[in-house]
Number of protein chains: 2
Amino acid sequence: MNYSQKKIDISDEKCPVKASLSILGGKWPLIILYQINNRIIRYGELKRSIPGISEKMLIQTLNQLVEHKLVHKKAYPEIPPRVEYSLTNIGYNSLPIIDKLEEFGRAHLL
Amino acid sequence: MNYSQKKIDISDEKCPVKASLSILGGKWPLIILYQINNRIIRYGELKRSIPGISEKMLIQTLNQLVEHKLVHKKAYPEIPPRVEYSLTNIGYNSLPIIDKLEEFGRAHLL
DNA sequence: CGGGATCCGGTCCGATACTG
DNA sequence: CAGTATCGGACCGGATCCCG
């Protein structure tokens with residue numbers, strides 16, 4: 001079965017930084033949130049917009065983000081299937097983090 | 001619907017977000033930077049200020065941060081030894097990221 | 001006091017194959 | 001099209017021991 005990939009439990013204290021990192025700190029979450037941004041985007045297009053990610057990691061990370069209510073998922077009962085992803089308002093509020101990350105990278109790392 | 005959707009290109013290998021995550025994205029880097037903040041702090045006190053971290057991870061992460069020039073290390077040739085860590089200018093510029101992380105955690109995760 | 005070195009289990013993650 | 005299932009290597013990170 002799916003190991004639920006629990007992020008490391010550093011929540012022993014109520015440190016907001018640790019809490020955020022436990023959800024956003026992995027390899028892909030912020031990249032995915034950044035790509036969805038203010039779009040309503042289908043699975044296929046999302047995958048194409050993130051070169052280098054495997055389907056496994058994309059789905060796994062998306063599911064976790066849906067679990068934590070940063071991402072909204074809407075599936076249409078059609079053939080062929082269609083699934084749309086978009087940010088919830090919580091997810092939307094994570095974008096400033098990414099902006100700072102981008103700013104920092106641009107200023108010091110490139 | 002007709003929202004202005006900014007075009008995002010992540011296919012570029014020099015994506016600033018990825019570059020930042022490659023340095024800051026682990027479990028401890030941001031926590032450590034956050035703890036050092038604008039102090040000059042000795043190794044022992046730093047370790048005590050981060051409950052749950054092992055010496056191995058603290059040293060390993062510190063060395064990487066020194067390598068990437070986010071942290072400055074000053075060792076005094078004394079007995080017993082004394083080593084002080086502080087943020088470089090670059091490291092200091094990473095603090096806004098952590099602020100956003102903290103803000104987000106406080107608003108949505110606690 | 002401030003580390004380094006090594007062992008080792010668990011987890012992450014890519015590749016591949018399969019499904020409705 | 002949008003996922004699921006499984007395998008296996010890589011790597012992270014904790015525990016332990018050692019050193020100047």
Side-chain angles (χ1 to χ4, degrees), chain A residues 1-12 18 21-33 35-36 39-68 71-86, chain B residues 10-11 13 17-18 21-33 35-36 39-68 71-86:
Chain A
M1 290 308 177
N2 246 349
Y3 56 95
S4 60
Q5 203 209 359
K6 183 91 169 8
K7 290 295 179 180
I8 316 92
D9 186 11
I10 41 188
S11 58
D12 47 341
K18 287 184 179 180
L21 282 177
S22 73
I23 293 179
L24 305 172
K27 182 177 177 180
W28 298 111
L30 288 168
I31 302 277
I32 293 175
L33 292 169
Q35 282 301 311
I36 299 180
R39 304 189 269 182
I40 298 174
I41 189 173
R42 295 186 60 174
Y43 173 81
E45 188 184 355
L46 183 56
K47 175 169 161 53
R48 263 175 274 117
S49 76
I50 308 178
I53 196 172
S54 66
E55 292 205 341
K56 173 183 170 181
M57 292 316 299
L58 178 54
I59 284 296
Q60 184 174 298
T61 309
L62 275 172
N63 287 339
Q64 290 166 12
L65 292 173
V66 169
E67 262 181 55
H68 290 99
V71 167
H72 178 69
K73 169 180 180 173
K74 180 167 188 180
Y76 297 85
E78 303 173 353
I79 305 274
R82 177 162 57 111
V83 179
E84 292 176 345
Y85 291 94
S86 58
Chain B
I10 210 175
S11 62
E13 280 300 324
V17 178
K18 281 188 176 178
L21 284 177
S22 73
I23 293 179
L24 305 171
K27 182 179 177 180
W28 298 110
L30 288 168
I31 303 277
I32 293 175
L33 292 169
Q35 282 302 316
I36 300 180
R39 303 190 270 180
I40 298 175
I41 189 172
R42 293 186 60 174
Y43 173 82
E45 188 184 353
L46 183 55
K47 175 169 163 51
R48 264 175 272 117
S49 76
I50 307 176
I53 197 172
S54 65
E55 292 205 344
K56 172 184 172 181
M57 291 318 297
L58 179 54
I59 284 297
Q60 183 174 297
T61 309
L62 275 173
N63 287 338
Q64 289 165 11
L65 291 173
V66 169
E67 262 183 53
H68 291 98
V71 168
H72 179 69
K73 170 179 179 174
K74 180 168 189 180
Y76 297 84
E78 302 173 352
I79 302 278
R82 177 162 56 109
V83 178
E84 293 176 344
Y85 292 94
S86 57

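In what follows, every heavy atom counts, from backbone to side chain, and hydrogens, waters and symmetry copies are set aside. Letters go in sequence order (proteins before strands), and every chain restarts at 1.
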**Request:** Could you tell me the separation between the CD atom of B/E84 and the P atom of C/dG2, rounded to a whole number of Å?
**Result:** 10 Å

**Message:** The side chain of B/P81 is closest to which nucleotide in this list: D/dG3, D/dG14, D/dG20?
**Reply:** D/dG20

**Item:** N or O in side chain of A/K73 less than 4.0 angstrom from D/dG3 OP1/OP2
**Value:** yes

**Request:** Report the distance from atom CE of B/M57 to atom P of D/dT16, rounded to the nearest whole Å.
**Result:** 17 Å

**Prompt:** Which one, D/dA2, C/dG3, D/dG14, comes nearest to the side chain of B/W28?
**Reply:** D/dG14

**Complete:** From CG of A/N63 across to P of D/dA5 the rounded distance in Å is 11 Å

**Asked** From B/Q64 CD over to B/I32 CD1, what is the distance, rounded to the nearest 0.5 angstrom?
**Response** 9.0 Å

**Request:** State the CG-CD1 distance between B/L65 and B/I36, to the nearest 0.5 angstrom.
**Result:** 7.0 Å

**Prompt:** Can you tell me how far CD1 of B/I31 sits from CG of B/L24, rounded to the nearest 0.5 angstrom?
**Reply:** 12.0 Å

**Request:** Please check the phosphate of D/dT4 (OP1 and OP2 only) for any side-chain N or O of A/Y43 closer than 4.0 Å.
**Result:** no

**Asked** When all nucleic acid strands are considered with a 4.0 Å heavy-atom cut-off, which category describes B/E55: base, sugar-phosphate, or nothing?
**Response** base

**Prompt:** Nearest-Å distance, OH (A/Y76) to C1' (C/dG20)?
**Reply:** 20 Å

**Item:** Candidate nucleotides C/dG3, C/dC13, C/dT6, ranked by approach to the side chain of B/K56 - the nearest
**Value:** C/dT6

**Request:** Round to a whole Å and report the spacing from CG of A/L62 to P of C/dC13.
**Result:** 14 Å

**Request:** Respond yes when some side-chain nitrogen or oxygen of A/K27 is under 4.0 Å from OP1 or OP2 of C/dG14, and no when none is.
**Result:** yes

**Item:** Positive for side-chain contact (heavy atoms from CB on, under 4.5 Å) with A/I53, one of A/I59, A/L58, A/L46
**Value:** A/L58

**Rounded distance (Å) that lies between atom C1' of D/dC1 and atom CG of A/L46** = 14 Å

**Message:** Under 4.0 Å, heavy atoms only, any strand: does A/Y85 hit a base, just the sugar-phosphate, or nothing?
**Reply:** sugar-phosphate

**Request:** Could you state the atom-to-atom distance from CD1 of B/I59 to P of C/dT6 in whole Å?
**Result:** 17 Å

**Complete:** By nearest-nucleotide position on DNA chain C, the 5'-leaning member of A/I53 and A/P80 is A/I53

**Fill in**
Between CG of A/L21 and P of D/dG13 the distance, given in whole Å, is 12 Å

**Message:** Any side-chain N or O of A/R42 below 4.0 angstrom from OP1/OP2 of D/dA2?
**Reply:** yes

**Prompt:** With a 4.5 Å heavy-atom cut-off, do A/E45 and A/R39 have their side chains touching?
**Reply:** yes

